[in-house]
> 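A single structure is presented below for examination.
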Amino acid sequence: MGRKSIILLLALALAALLALVLSCTAGTAELGLADIWGALKAGEDSDLARTILFEIRLPRALAALICGLALGTAGAALQGLFRNPLADPGLIGVSSGGALGALLVFAFGSALFACLPVAFHALALPIAAMVGALAITFLVLALAGTLGRRRIGGMLLIGIAVNAAVAALTGLILHFAADNQIRLYTFWMLGGLDRSEWILLLPAACVVGLGLLILPRCSRELDVLALGEAEAHFAGIDVARLRRYVVWTSAAMVGAAVAVGGMIGFVGLVAPHLVRLTAGPSHRFLVPASGLLGGILLIAADVAARLAGGASELPIGVVTAIIGAPFFLYVLMKGEGRTE
Amino acid sequence: MSFSAKNLVVCRNGNRILDDVSVEVPAGELTIVLGQNGAGKSTLLRALAGGLKPDSGTVFCGEAPLSALSARELARRRAVMMQSTQAAFDFTVEETVLLGRTPWMDAVETRRDREVAANALRTVGLEKFARRRLSTLSGGERQRVQIARTFAQGITPTGTPTTFFLDEPLAALDFRHRAEIMRCLRELAEAGNAVFVVLHDLNLSMRFADRVLVMDRGKIVLSGAPEAVLTPENLARVFGIETEIIRDSRGAFVRIL
């Protein structure tokens with residue numbers, strides 16, 4: 001990676017940090033940069049500011065950063081794996097699996113968790129979403145393993161089929177669910193970071209942090225894979241191993257993001273695109289830069305969601321989709337990022 | 001470390017694409033494979049290079065069967081250029097050629113890797129294109145980039161010879177570059193490398209090959225020095241074409257009648 005790329009990455013990291021701090025000032029209660037500084041210094045008189053910062057604003061801003069990092073990084077790596085700039089983390093079943101897991105909690109949770117301690121209830125939903133995400137990804141991978149040598153292209157089709165089956169199962173459960181359960185599920189599906197709590201953030205941060213260490217190490221191999229599966233094998237890449245690494249790491253990262261923020265679309269698709277358009281497709285820069293840009297985008301989207309809705313904020317999935325969908329169409333029409 | 005195969009059989013959909021083929025790819029020689037479309041040339045190349053598993057028979061690299069080598073170890077012993085390679089993303093020419101250095105590097109390319117890549121680009125006449133993106137190149141230029149990438153992979157740090165497998169490397173090239181690439185392949189062979197090329201050009205084969213293999217319906221039906229193999233009788237039998245051989249002071253060439 002050249003010096004220019006390293007400077008760009010540092011600039012992105014700095015911008016992400018800045019966005020994180022600035023987003024802590026956004027909200028109904030007045031909290032300026034000076035108040036934040038005071039709260040950090042923990043003076044006696046800044047108790048209220050301290051509470052707002054550490055109990056509400058900071059966890060939320062961190063949640064946006066963690067989810068954005070996860071979605072951007074995993075999005076870039078999966079687009080590389082599928083050799084397709086229009087691939088989305090949903091293709092490996094993470095999203096539909098997470099949704100199914102969450103729905104099971106909404107529909108049957110009260111019965112299932114009645115016997116468990118109250119402290120566990122807050123974590124039931126994220127854990128179920130994470131387990132669902134990983135389980136469906138495992139199913140997609142296992143089915144893809146039965147294909148012949150050209151597994152990655154086939155895996156895409158298997159992902160579509162499995163997603164359809166999971167969606168059908170979800171529909172079936174919804175059909176028999178009560179109205180309030182359906183409402184809870186619907187709002188969860190739209191995404192939101194208003195439930196962010198430290199007890200949830202810490203494990204999510206660990207999972208995402210681990211992914212941030214692993215995925216950039218696959219960059220070189222993803223570059224070679226862009227030439228084709230056979231070419232990558234001829235250039236000495238263990239394609240099966242690469243696929244396992246990328247799929248599992250991405251699934252864990254996106255699963256953690258889903259557990260924290262529900263369904264947040266388009267970040268994993270848009271962030272790698274923006275990076276590729278400006279800095280080229282080399283994954284060594286693309287993977288970390290997409291993560292940082294995803295973090296920045298999601299922090300901004302969360303601020304927009306908080307401010308635009310007035311008293312009742314907008315779901316963040318709505319904000320990202322409003323920006324993301326037209327962008328997706330724009331990319332499709334221009335055919336950017338793919339050689340003819 | 002030369003490649004060889006014993007009794008290779010490859011079946012697809014009940015057809016024997018390779019039918020009991022045994023072959024050697026000797027070091028220091030330019031071997032050219034000829035044959036009609038569908039004769040099994042590409043399949044043989046891919047099987048020899050470890051790109052597909054034969055239904056029976058074994059491919060050896062030196063004494064070791066290919067299955068004993070990891071993908072990376074194998075990539076250090078042979079470089080492969082396939083018939084058509086399409087990059088999914090729009091890399092620069094230099095980035096693409098550097099991809100060929102992957103089996104030799106840890107995580108980051110060294111100055112030595114950059115030198116090898118620059119040399120390979122010069123060899124195919126694209127040194128001025130290093131910073132261009134693949135999407136801005138013509139089909140023939142892109143093909144030369146892939147040739148350069150293959151050359152960059154086959155250069156060992158210690159200079160020990162390797163094996164090059166190229167499947168129709170000249171398909172999209174103009175006359176001048178066809179001859180130039182053939183001269184490069186000749187030089188690689190003379191430097192001690194084994195070079196194995198699938199081609200569709202009788203005259204280039206006549207002029208540059210040390211040895212010609214002719215395939216027909218999954219078998220190697222003829223092999224030997226080009227002048228011994230490419231006779232009007234053989235060409236009529238295998239390709240169904242009428243030819244005459246014209247000799248002058250510079251050698252022989254084939255005129256198709």
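Sequence lines set the chain letters: A, B, ... in the order given, protein chains first and strands last, and positions in each chain run from 1.
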> Can you name the nearest heavy-atom pair linking A/Ser282 to B/Glu95, along with the distance?
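Closest pair (atom of A/Ser282, atom of B/Glu95, distance): CB-OE2, 3.9 Å.
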> For a quick test of reading the model, state the closest non-hydrogen atom pair linking B/Ala75 to A/Ala235 and the distance between them.
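Shortest heavy-atom separation between B/Ala75 and A/Ala235 comes out as CB-C, 3.5 Å.
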> Is a donor on one side and an acceptor on the other found under 3.5 Å between the side chain of B/Arg78 and the backbone of A/Phe234?
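Yes, because the side chain of B/Arg78 sits within donor-acceptor range (under 3.5 Å) of the backbone of A/Phe234.
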> Picking from B/Thr150, B/Leu98, B/Leu74, which has the most non-hydrogen pairs under 4.5 angstrom with chain A?
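Most pairs with chain A among the choices: B/Leu98.
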> List the atom of B/Phe89, the atom of A/Ala226, and the distance in Å for their closest heavy-atom pair.
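Result for this residue pair: CD1-CB, 3.9 Å.
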> Below 4.5 Å from any heavy atom of chain A, which atoms of B/Thr96 appear? Answer side chain, backbone, both or neither.
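For B/Thr96, the side chain is the part near chain A, not the backbone.
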> Minimum heavy-atom separation for A/Arg83 to B/Ala88, with atom names?
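Closest pair (atom of A/Arg83, atom of B/Ala88, distance): O-CB, 3.4 Å.
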> Counting only non-hydrogen atoms closer than 4.5 Å, does B/Met81 touch chain A with its backbone (N, CA, C, O), its side chain (CB onward), both, or neither?
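Neither part.
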> Counting only heavy atoms not in B/Glu29, do more than 12 sit closer than 6.0 Å to its CD atom?
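Check passes, neighbour count above 12.
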> More than 12 heavy atoms of other residues, nucleotides or ligands under 6.0 Å from CZ of A/Arg217: yes or no?
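Counting neighbours around CZ of A/Arg217, 12 or fewer heavy atoms of other residues, nucleotides or ligands fall under 6.0 Å, so no.
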> When you compare the side chain of B/Val108 with that of A/Arg220, does any pair of heavy atoms fall below 4.5 Å?
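Not in contact.
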> Counting only heavy atoms not in B/Phe60 (residues, nucleotides, ligands), do more than 12 fall under 6.0 Å from its CZ?
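Result for CZ/B/Phe60: enclosed.
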> Rounded to the nearest 0.5 Å, what separates atom OG in B/Ser84 from atom CD in A/Glu231?
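Answer rounded to 0.5 Å: 7.5 Å.
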> Measuring only between side-chain heavy atoms, which start at C-beta, is B/Met82 closer than 4.5 Å to A/Leu227?
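Of all side-chain heavy-atom pairs linking A/Leu227 with B/Met82, none is under 4.5 Å.
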> Considering only heavy atoms, which portion of B/Glu73 lies under 4.5 Å from any heavy atom of chain A: side chain, backbone, both, or neither?
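Answer is neither: B/Glu73 stays 4.5 Å or more from chain A.
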> At a 4.5 Å cut-off on heavy atoms, which part of A/Ile237 comes close to chain B: side chain, backbone, both, or neither?
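A/Ile237 touches chain B through backbone and side-chain heavy atoms alike.
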> Against chain A, label B/Arg149 side chain, backbone, both or neither, depending on which of its atoms sit under 4.5 Å from a heavy atom there.
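Side chain only.
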